Structures are given as C-alpha cells and as structure tokens.
Amino acid sequence: MSEMVHITINKQPLEVPAGTRIIEAAKMLNIDIPHLCYHPDQTIKAHCRMCMVEVVGSRKLTAACSTVVWEGMEVITDSKKVYDAQTGVLDLILSDHKTNCLSCARNGSCELQALCRRFNRLHPELPDISSDEPLRIDNPSIVRDPAKCVKCGRCVKVCAEVQGCAALTYSGRSAGFKVTTAFDLPMDQTDCVLCGQCSLVCPVGAIVETDYTNEVTAAIQDPSKHVVVQVAPSVRVGLGDEFGMEAGAVVTGKMVTALRMLGFDKVFDTNFSADLTIMEEGSELLKRIREGGKLPMITSCSPGWVTYLEKHHPELIDHLSTAKSPQAMFGAVAKTYYAQKMGWDPHDVVSVSVMPCTAKKYEASRPELGRDGYQDVDYVLTTRELAKLIRYVGLDLSVLPESEFDSPLGTGSGAGAIFGATGGVMEAALRSAYFLTTGENPSADAFCEVRAAENESRPWREAAFDLAGTTIHCAVASGLANARHLIRAIKRREVHYEFVEIMACPGGCIGGGGQPIGTNNAVRDARIQALYEIDRSLPLRKSHENPEIKTIYEEFFGAPLSQRSHELLHTHYHARPKRHDFSHLS
C-alpha cells in the first residue's frame with residue numbers, strides 16, 4: 001500500500017499518495033491549475049511556467065506540474081502573487097503568438113484561447129513579436145504553423161517517447177528558440193510517418209491536419225458527381241466527444257443520419273471492408289504458413305506503421321501483408337464493383353472516407369492505390385473534420401435520430417468493429433483463419449488473449465493458438481516506440497512469431513491523430529471498451545459470416561486471393577529515404 005501524505009491546497013485538507021505532484025493533487029479537489037506544457041500522459045517538461053503556485057515557507061513560486069508534495073505542504077493557487085505571475089507568463093506567450101483566432105483551425109478548442117478567457121485577457125498587453133514564418137504545407141496530412149507555436153514541447157515529447165521517431169526537435173536559443181524538424185526540412189523528408197499524434201497533443205493551432213472539408217463540400221454540391229462515404233469503426237466511438245457526450249459513446253446511427261443530411265449519396269461502413277481485409281489477409285497468412293512464405297506476416301492496415309517500416313526497416317517489407325487497408329479496399333470496391341452495379345462511370349464517383357487517422361490522408365495519395373487515372377479514395381476526413389462539417393450545417397449530433405448504413409457495402413461484423421482497437425485485427429483474422437482451416441466456427445472470444453492486458457512485462461503482448469494442429473505464435477504492439485522494440489527482437493531472433501499486428505498509434509485507431517482534441521489514455525480505454533461492446537452486441541461476430549462479403553465473392557471476386565482480388569485488394573510497398581541526405585553538408 002502506498003504511503004500517504006497530508007497536505008492542504010487553498011486551506012482544504014487532502015490526503016494523497018506519496019509521489020503525487022501538486023497539479024495532480026489539486027485535481028482531486030476539482031481545482032484546475034492553469035497549464036500549457038503539462039499533459040497527463042507525458043513525462044514532465046515544466047516549460048511554460050503557467051502552473052506556478054505558492055508553497056508556504058518558500059520564497060519563490062513553484063511549478064505545480066513538476067513539484068512532488070510532501071507531508072504538511074501548504075499550497076496556495078489563487079493568491080494575487082500567483083495571479084500576477086500567471087498573467088505575466090500568459091502575456092509573454094501571447095506576444096509571440098499569432099492571434100488570428102477566427103481563421104485558426106483550433107478556434108474554440110484552443111487551450112491558449114481558454115486561458116485568455118479564464119484570465120480575461122481580451123487584448124494583448126505586450127507588443128507583438130511573433131514570427132512571420134509561413135504555413136508549412138508540404139504533405140497531404142499535416143500542416144505546421146510556426147507562428148502559433150508556444151514552445152510547450154508536447155509534440156516533441158509524443159514524437160520521441162510514444163512514437164520513437166523524434167521527427168520534431170528544438171532549435172535555436174533565446175528569442176530564436178523554436179520547435180521544428182531537423183534542418184527545418186519538410187516533415188515527409190524526415191523520420192515523420194504523418195501519424196498526427198503531434199496534432200492531437202498540441203494545445204494550439206501550431207500543428208493541425210490538412211483540411212479537405214471545402215473540397216468534400218464542393219463535390220457534394222456538384223450534381224455530376226456521385227459522392228459516397230465510408231466511416232471507420234473508431235469514428236463512431238470518438239465523434240461524440242466533439243458534441244459533449246461521454247468518452248466512448250457509440251453514435252453509429254446518429255452519425256449515419258448526419259452524413260445523409262450533409263448530402264452524401266451513399267453512406268457505407270468501413271467495417272464491411274475490414275471484413276473483406278480479414279478474408280484476404282487471413283487467407284494470405286494460411287498460404288504463407290502452408291507454402292513456406294515470409295514469416296512472420298505483419299499486418300499492413302496502419303499507414304503510419306507501413307511508412308515507418310519503409311523508412312526504418314525496408315529489409316522487412318516482404319513481411320508486410322500485401323492486403324490493402326480497409327480504407328483502400330473500400331475505395332477500390334466502390335469504384336469497380338459498386339460503380340458497375342449502379343451503372344456509374346468510376347471517374348464520376350467521389351470516394352470519401354472518414355478516418356481517425358491523419359496518415360490515412362497520405363495513404364490515399366499513394367500512386368499504388370488507384371488505376372485508370374483515378375485514386376481509390378479521393379478525400380480523407382478526420383473525425384475532427386467530420387464534426388466541423390456537422391456544425392457547419394447546424395446539426396446537433398446528440399439529438400439526431402438513428403438510421404442504418406446503405407447496402408450492399410454497409411454490413412459489418414463485430415470482427416470488423418474491433419479493428420479500431422489494438423489487437424483487433426489479429427483477433428478478427430484468427431476468428432476467420434480458424435474457420436478457413438477447420439471448417440468450424442470458434443467461439444467469438446477464443447482469441448481474446450491478444451487484447452491489451454494490464455501490467456505487461458514487455459512493450460508488446462504475445463499469445464499462441466492451435467489451428468488444427470498448427471501453432472500460431474502471435475504478437476501485438478501499438479505505438480511506434482513499442483513497435484521498434486518488437487521489430488528489433490524479431491530481427492535479433494530473440495522471439496519467433498508467425499503473425500504480428502502493429503498499429504502506429506497508442507491503443508490503435510481509437511487513439512489516432514485525427515480523433516477529437518483531448519484524447520488521452522483514459523479516453524482511449526473508454527473507446528476500446530465501446531468497440532468490444534459493439535462486437536458483443538452484434539449477431540455477426542466473424543468476417544466470413546458477413547452475407548455481403550459472401551455476395552461480393554460470389555458476384556465479383558470469386559475467392560480470396562483470386563486474380564481479381566490481387567488486382568484490386570492487394571498492393572506492394574517499397575523502401576523510402578529515412579531522411580534527407582545530408583552528406584553534402586559534411
């Protein structure tokens with residue numbers, strides 16, 4: 001049992017575990033100490049100094065985020081001395097921050113803006129010394145605005161510690177101090193994988209997703225276009241956050257209604273193509289095992305992970321499943337099978353996807369994912385962008401009636417739903433691989449060992465399962481820093497697996513870089529549980545049982561791994577420069 005210490009905050013007594021920091025103790029009394037650099041899921045930085053408080057007996061103010069409480073500590077968070085110091089820091093931050101709030105993507109969800117309201121800072125108190133650096137729009141996924149950066153370091157921390165990429169760093173000193181990339185290069189010329197975790201933790205509008213809401217609106221308003229939309233499983237348990245609903249709220253039916261009211265011609269479910277992915281990827285795994293193919297086979301549904309492997313471990317590219325991601329499979333099916341059924345010219349079909357992920361924007365632009373002069377997916381919107389469109393037309397998601405996805409690409413199984421949680425792809429694939437091997441259905445929860453577990457001893461989890469006498473050794477990791485440890489162990493032959501699932505973002509797609517601002521570990525856990533509840537509640541829990549999957553194979557593909565499925569549902573990957581070549585500078 002943890003040792004307890006006794007403190008007071010603003011004369012209110014409190015007992016907390018030893019090792020608790022002042023900012024965390026204050027939350028137990030519902031006291032929110034102002035802050036910018038502090039983030040509950042990150043190690044302490046103590047950069048911004050907004051969280052300064054008084055500790056009785058100390059002559060200097062103390063940073064609440066980095067100071068651990070001690071027995072008998074007396075803390076004051078609301079004295080004039082504290083107020084003057086905090087407003088002084090706020091004024092200094094504002095003087096070096098472009099305050100064009102009305103045109104900022106984070107207007108209304110900006111932590112600096114909230115602090116200005118809290119401290120009644122309606123006008124800057126100090127002269128403007130902010131940077132004139134232009135927007136950095138150099139990739140399909142992420143936009144950087146150096147003039148808005150408050151140097152809090154959250155993006156640097158998440159990129160280095162959670163993702164293990166360290167694509168963002170600090171540069172310069174004093175007035176020239178800034179957050180940037182190595183040699184100020186475009187992000188796609190660095191170790192960046194465009195996962196967007198930096199945009200998720202940025203407190204202001206310095207890093208945001210590339211916005212395609214105007215392009216999608218224009219397509220919807222074009223009478224010559226057939227605009228179809230697919231929605232990823234993680235969006236339905238994240239979108240509610242944007243409208244004040246509790247974390248993990250399942251808003252599937254309301255979301256479908258909203259998309260129809262936005263004007264999309266057809267509203268489909270990415271769970272359908274997740275089931276299609278399982279049929280192809282599960283069949284590919286069994287074929288590799290039977291025929292001595294490259295093992296372990298590594299899932300390829302996460303575009304951030306794929307880019308990471310292409311940049312950092314290109315020698316392992318042949319281990320990636322050739323199956324496209326559910327987003328890409330859906331795009332290919334929408335512009336071939338579905339367009340043919342509807343009698344549409346595929347060039348007149350605009351395929352839109354709503355994803356929890358900024359890297360999906362980059363994935364959609366890959367030249368491998370298209371044919372005959374068009375891409376499988378034309379535009380990718382994040383969960384945040386969908387919320388923006390819903391607000392634009394004046395809808396309140398929380399009170400909308402529920403409706404169903406359109407057919408024949410709108411039925412998904414519980415296996416497709418759990419794609420959004422780390423381990424979900426693995427579990428879904430094993431459910432169908434067992435059937436494809438034995439001809440019998442396993443219990444839907446037979447492979448739940450691949451789900452996240454508390455107090456894991458290593459940065460990935462593993463399990464082994466028997467498939468008709470063949471043992472399948474599996475490993476699952478999320479977050480690229482964890483993936484790096486797993487890949488190194490595989491390369492050193494310290495471990496042996498047949499099947500490996502890796503998701504770039506912590507917790508899987510439910511924690512994607514395009515999810516609502518405020519996503520943290522507690523919110524991720526709520527979304528994961530919501531996806532598993534969706535799985536448990538559905539009559540279909542295995543991909544091979546999906547009637548629309550059976551139909552598309554009967555009418556179009558023939559069988560998994562057929563020639564047509566290889567043409568439309570599979571792809572290839574290639575090595576990419578890890579970073580720009582600096583040899584000319586030496």
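Throughout, numbering of the chain's residues begins at 1 and tracks the sequence. Predicted model, so just to flag it, every value in this text is computed and none were measured.
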Would you call the rings of F330 and F272 parallel, tilted or perpendicular if under 30° counts as parallel and over 60° as perpendicular? perpendicular
Give me the ring orientation class for H312 and Y308: parallel if the planes are under 30° apart, tilted from 30 to 60°, perpendicular past 60°. parallel
Please examine the side chains of [Y] and [X], heavy atoms only from C-beta on, and report whether any two atoms are closer than 4.5 Å.
| X | Y | answer |
| --- | --- | --- |
| E209 | L381 | no |
| H574 | E368 | yes |
| L369 | V377 | no |
| L295 | H319 | no |
| V306 | Y573 | yes |
| C505 | M503 | no |
| V500 | M297 | no |
| W460 | V476 | no |

Sub-3.5 Å donor-acceptor pair from the side chain of [X] to the main-chain atoms of [Y], do we have one?
| X | Y | answer |
| --- | --- | --- |
| K542 | S432 | no |
| S171 | T180 | no |
| R236 | P233 | yes |
| N546 | T411 | yes |
| S283 | P560 | no |
| S199 | V208 | no |
| D445 | C448 | no |
| S141 | T358 | yes |
| E501 | I298 | no |
| S234 | I510 | yes |

Going from [atom1] on [X] to [atom2] on [Y], what distance comes out if it is rounded to the nearest 0.5 angstrom?
| X | Y | atom1 | atom2 | result |
| --- | --- | --- | --- | --- |
| L569 | I552 | CG | CD1 | 7.5 Å |
| M329 | L568 | CE | CG | 10.0 Å |
| C195 | Q163 | SG | CD | 4.0 Å |
| S321 | E280 | OG | CD | 9.0 Å |
| L467 | L286 | CG | CG | 7.0 Å |
| L320 | L309 | CG | CG | 5.0 Å |

Does [X] come within less than 4.0 Å of [Y], counting only side-chain N to carboxylate O?
| X | Y | answer |
| --- | --- | --- |
| K550 | E554 | no |
| D41 | R524 | yes |
| E310 | R366 | yes |
| D184 | R136 | yes |
| D241 | R384 | no |
| R541 | D535 | yes |
| E284 | K287 | no |
| K335 | D372 | no |
| E385 | K361 | yes |

If every non-hydrogen atom of [X] is compared with every non-hydrogen atom of [Y], which pair is closest and at what distance?
| X | Y | value |
| --- | --- | --- |
| I534 | A417 | CG2-CB, 3.9 Å |
| V193 | G304 | CB-O, 3.5 Å |
| A46 | C37 | N-SG, 3.8 Å |
| Y497 | P296 | O-CB, 3.1 Å |
| C357 | V380 | O-CG1, 4.5 Å |
| A446 | F465 | O-CE2, 3.8 Å |

Determine, step by step, whether D138 and M187 satisfy the side chain to side chain contact (heavy atoms under 4.5 Å, CB included) criterion, reporting the C-alpha distance in whole Å, the side-chain angles of both residues, the deciding distance to 0.1 Å, and the verdict. CA-CA 7 Å; D138 46 41; M187 293 183 79; 4.3 Å; yes
Show your reasoning for whether side chain to side chain contact (heavy atoms under 4.5 Å, CB included) applies to C159 and C198. CA-CA 7 Å; C159 191; C198 53; 5.8 Å; no
Should the pair R451 and Y532 be classed as cation-pi, given the thresholds of under 6.0 Å to the six-membered ring centre and 45° from the axis? yes
Does a side chain donor of either [X] or [Y] reach within less than 3.5 Å of an acceptor in the other side chain?
| X | Y | value |
| --- | --- | --- |
| Q515 | T383 | yes |
| E545 | N441 | yes |
| S353 | Q327 | yes |
| E440 | Y434 | no |
| E363 | S325 | yes |
| D275 | S413 | yes |

Please step through side chain to side chain contact (heavy atoms under 4.5 Å, CB included) for the pair T422 and R461, ending with a clear verdict. CA-CA 10 Å; T422 180; R461 56 190 176 278; 3.2 Å; yes
Applying side-chain hydrogen bond (donor to acceptor under 3.5 Å, both in side chains), run through R371 and T336 and close with a yes or a no. CA-CA 10 Å; R371 71 204 53 79; T336 54; over 6 Å; no
Considering only residues two or more places apart or on different chains, which pairs with a residue in residues 473-491 satisfy side-chain hydrogen bond (donor to acceptor under 3.5 Å, both in side chains)? H313-K491, E315-K491, H473-E498
Crowded around E494 CD? As in, over 12 foreign heavy atoms under 6.0 Å? yes
Evaluate the criterion side chain to side chain contact (heavy atoms under 4.5 Å, CB included) for residue pair T322 and S300; output intermediate values, then yes/no. CA-CA 7 Å; T322 62; S300 56; over 6 Å; no
Check for me whether the distance between the ring centres of F556 and Y337 falls short of 6.0 Å. yes
Test side chain to side chain contact (heavy atoms under 4.5 Å, CB included), reference K157, set T43, V201, L168, output is T43
